[in-house]
Amino acid sequence: MINKTLFLTYFYLFIYILLSSGVILYNKWVLSPKYFNFPLPITLTMIHMGFSGAVAFLLIRVFKVVSPVKMTFEIYATSVVPISAFFASSLWFGNTAYLHISVAFIQMLKALMPVATFIMAVMCGTDKARCDVFSNMLLVSVGVVISSYGEIHFNIVGTLYQVTGIFAEALRLVLTQVLLQKKGLTLNPITSLYYIAPCSFVFLFVPWYLLEKPVMEVSQIQFNFWIFFSNAICALALNFSIFLVIGRTGAVTIRVAGVLKDWILIALSTVIFPESTITGLNIIGYAIALCGVVMYNYIKVKDVRASQLPSESLPDRITKEWKLEKKSSDIFVPDKTSDNEGSVGGNGSVSGMNIDEEAPLVPSSRLSHIGRTQLTGK
């Protein structure tokens, strides 16, 4: 008989990989001029933000699924606003890259996420520069360069968009720790959507008005309600699935699942999109970069284990982690003890995590609990 807990764990992992891969391929299909032909990435991102913000409002204010945190104007202006700005930037640049480069090459470039996050963490003072970590980051960078050199349809514009989006997302993750955690504010996915999505929508409005609104007025852009509605539903569901996976398994497991998802995506994209041609040099470069990422994650896991108290026995530690995971994953019970407590907790640096960029609103503070001392890609 299959263990129910183990079955649910693998089921959540399957749902996460399915949704993450589906959203990426769906967005590529919608944006690509060769397929649905809606080459307006800012508009698509605004649809996601508007829909996510509306759903979060209904869940918090109407159905009262979770309680809102105690948000002051000072915290909102100094923390939520800059985080939302970089969040909007990462989505804008990341989605725009689909217009120029293939899904497979985008997934290979996303191996740079730990490098970008480590650099930003060191610059912001949340992590320290170390020779062993630097050597791993160098290995990742060399692998990405080799993979880029082997790309048949290399496009400098698309590559710059994607890399810029990666660094914007890395800075957002670091700012989430620096600005929110230091103020003692923790957000679960629903409250994150509630506060950040509307603000990101506003930031996206300015480039949309200047860059895409004139195009929409003079061109025949097709708009299918059901396509965009289902696309937004998938993006929202992905955000929640990541939270469930982390609550069930921990941060290390979702990093491993993310690597598996990347390989599946690279393979699927070559089948679904014939222009996504992969060369031997692509694979070699990506394999080298992946080795650097795996070694880096191993170092971070060792750091976490070394920092644990020696007097704490393994069974006690497992029991404590399980209770924390169960408590943090239960987002459907409003917190009745304090207005400013969310269902997310934990501290740690963000330099080792692998966040899926399709659903980057899952707070990095939650992801700091197991297996690291911060990667989640559309």
**OP:** For the pair Val178 and Met120, evaluate side-chain contact (heavy atoms from CB on, under 4.5 Å) and give the outcome as yes or no after the intermediate values.
**Re:** CA-CA 11 Å; Val178 172; Met120 293 301 172; over 6 Å; no
How far apart are the closest heavy atoms of [X] and [Y], and which atoms are they?
{"X": "Thr279", "Y": "Gly150", "value": "OG1-O, 2.7 Å"}
{"X": "Phe86", "Y": "Ala168", "value": "CB-O, 3.7 Å"}
{"X": "Phe118", "Y": "Ala129", "value": "CZ-CA, 4.1 Å"}
{"X": "Pro33", "Y": "Leu99", "value": "CD-CD2, 4.4 Å"}
{"X": "Gln222", "Y": "Phe228", "value": "O-CE1, 4.5 Å"}
{"X": "Ser52", "Y": "Leu193", "value": "CB-CD2, 3.7 Å"}

Is the backbone of [Y] close enough, under 3.5 Å, to the side chain of [X] for a donor and an acceptor to pair up by distance?
{"X": "Ser241", "Y": "Leu238", "value": "yes"}
{"X": "Ser230", "Y": "Ile227", "value": "yes"}
{"X": "Ser200", "Y": "Ser84", "value": "yes"}
{"X": "Ser32", "Y": "Trp29", "value": "no"}
{"X": "Ser20", "Y": "Tyr16", "value": "no"}
{"X": "Asp127", "Y": "Ala121", "value": "no"}
{"X": "Glu212", "Y": "Thr43", "value": "yes"}
{"X": "Tyr195", "Y": "Val69", "value": "yes"}
{"X": "Ser21", "Y": "Leu265", "value": "no"}

Subject >> Chi angles and distances behind the side-chain contact (heavy atoms from CB on, under 4.5 Å) call for Phe201, His48 >> reply: CA-CA 9 Å; Phe201 183 93; His48 289 172; over 6 Å; no
What's the spacing between [X] [atom1] and [Y] [atom2] if we round to 0.5 Å?
{"X": "Thr277", "Y": "Phe105", "atom1": "OG1", "atom2": "CZ", "value": "13.0 Å"}
{"X": "Leu187", "Y": "Ile196", "atom1": "CG", "atom2": "CD1", "value": "6.0 Å"}
{"X": "Ile283", "Y": "Leu290", "atom1": "CD1", "atom2": "CG", "value": "10.5 Å"}
{"X": "Ser89", "Y": "Leu171", "atom1": "OG", "atom2": "CG", "value": "9.5 Å"}

Are [X] and [Y] packed together at the side-chain level, in the sense that at least one heavy-atom pair is separated by less than 4.5 angstrom?
{"X": "Lys110", "Y": "Gln107", "value": "yes"}
{"X": "Val66", "Y": "Leu59", "value": "no"}
{"X": "Pro68", "Y": "Arg61", "value": "yes"}
{"X": "Arg130", "Y": "Ile299", "value": "yes"}
{"X": "Met71", "Y": "Leu185", "value": "yes"}
{"X": "Ser102", "Y": "Glu151", "value": "yes"}
{"X": "Ile101", "Y": "Leu109", "value": "yes"}
{"X": "Trp208", "Y": "Met216", "value": "yes"}

Subject >> Verdict with supporting geometry, Asn95 and Leu31, side-chain contact (heavy atoms from CB on, under 4.5 Å) >> reply: CA-CA 8 Å; Asn95 277 332; Leu31 292 169; 4.1 Å; yes
Original post:
Does the pair Gln162 and His100 meet the rule for a side-chain contact (heavy atoms from CB on, under 4.5 Å), with working shown?
Top reply: CA-CA 10 Å; Gln162 182 60 40; His100 305 280; over 6 Å; no
Looking at [X], I want to see if its [atom1] is surrounded by more than 12 non-hydrogen atoms of other residues, nucleotides or ligands under 6.0 Å.
{"X": "Phe154", "atom1": "CZ", "value": "yes"}
{"X": "Phe225", "atom1": "CZ", "value": "yes"}
{"X": "Tyr76", "atom1": "OH", "value": "yes"}

**OP:** Decide if the gap between the ring center of Phe203 and the ring center of Trp92 is smaller than 6.0 angstrom.
**Re:**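 Between Trp92 and Phe203, which both carry aromatic rings, the centre distance is not below 6.0 Å.
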Subject >> Residue pair Thr191 / Asn188, side-chain donor-acceptor N/O under 3.5 Å >> reply: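 Yes, side-chain donor-acceptor contact under 3.5 Å.
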Subject >> Candidate pair Phe273 and Tyr35, rule ring pair (Phe, Tyr, Trp, His ring centres under 6.0 Å), full reasoning >> reply: CA-CA 10 Å; Phe273 306 113; Tyr35 300 98; 5.2 Å; yes
Original post:
Taking the six-membered ring for Trp, are Phe38 and Phe36 parallel (under 30°), tilted (30 to 60°) or perpendicular (over 60°)?
Top reply: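 Phe38 vs Phe36 ring planes: tilted.
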Subject >> Aromatic plane relationship, Phe51 with Phe229 - under 30° parallel, 30 to 60° tilted, over 60° perpendicular >> reply: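 Because their plane-to-plane angle is over 60°, the rings of Phe229 and Phe51 count as perpendicular.
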